[in-house]
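One-based numbering, in listed order, for ligands and for the atoms of each. If you read the sequence from its start, that first residue is 1, and numbering goes on from there.
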Amino acid sequence: LLLIIVVAVVLGLILRQGTSFKSTFIDRCEQFEGYNCEKIWGAFEKAYVGRDPCEVPMEAYDPFIAAAHFKPACGRMMFWSKTKDLVHDFTEKKDCFLTLEDTLLGSVVNDLTWCGKEGSSETFTTGCPGWTYCENNTVRSFWNRASAAFADVACGDVTAMLNGSITTPFNSASIFASIEVKRFDSSRVKNLNVVLVTQKNFVTNCTNASLKNLQKELDAGIKYNCKEVAEAQIHECSSDPQKPCGSCW
Ligand code: APR
């Protein structure tokens, strides 16, 4: 009897794992109007189910990207690197900018881990390879692909919140540098406005060498601008409902 109970509990946990990932995905998807979330889930799942979790190239998510097509928000698109918490706190409180994680594309799996397994039709949320364990890992390829899609439609004035408390705010290994900036197209993007977030003892300013590389990487025709902004100022601004969009820096 004990064995049966143990087997039942383990089976229940395994089944629940997959279902709860799917239901989180669907719930989050349904926050956006006008999408067929079951269809989007199906396209998403196809990328990795039954595959070795280290052999999911970013192209595997192409059908998901096509199903979750989204309209660009010219002038409001916000990119970031090493400022995750601050930037999302800001976009949550103030409806000025949109990050990838605020769109359907990124929000459905934000902060989640998932992968498949060869010979299985399930989605696992534990035992998946970590970000740097292998190149073509399920989660990393997703973010690479979704970031590429987000950058492909970037238009108008684009903002990037970078971290002024590190020596290399524009790091060539980051998704922002290796994928997004490379895909900004001067026929759509007019300006790149860098908000370099500084703290009390900041080590970096807008003359930083890595930011010179950023300017070199930009498609000719895209104007560049950089502004140092204290983190405290960003917090103050986002917590003050009276402050209009665009007055924070
Ligand atoms: N291990 C686990 N997660 C990682 C790792 C890692 N080694 N490196 C990156 N990530 C994940 C984390 O979730 C992290 O918060 O990617 C996120 C972004 O990493 P950063 O290095 O801070 O920034 P970057 O690589 O430039 O990516 C941010 O990509 O998500 C898009 O549009 C978004 O502009 C943004 C950019």
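- Remark: K46 is not positioned above the aromatic ring of F64, lacking an NZ or CZ atom under 6.0 angstrom from the ring centre and at most 45 degrees off the axis.
- For T123 and Y48, the side-chain atoms include at least one donor-acceptor pair closer than 3.5 Å.
- A tilted orientation is assigned to the rings of F21 and W114, their planes being inclined by 30° to 60°.
- When the salt bridge (Lys or Arg N to Asp or Glu O under 4.0 Å) test is applied to D85, no partner is found at least two apart in sequence or on another chain.
- Counting Ile, Leu, Val, Met, Phe, Trp and Tyr side chains that sit under 4.5 Å apart, directly or through other members, V197 shares a hydrophobic cluster with M78, W80, L86, V87, F90, F97, M161, V195, V229, I234, W249.
- For ligand 1, the protein residues placed under 4.0 Å by at least one non-hydrogen atom are F79, W80, S81, K82, K84, L100, E101, W131, T132, S147, S174, I175, F176, E180.
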Under 3.5 Å, which donor-acceptor pairs link side chains of residues 164-173 to any protein atom two or more places apart or in another chain?
unit_1, atom_1, unit_2, atom_2, d
S165, OG, Q199, OE1, 2.8
N171, OD1, A173, N, 2.9

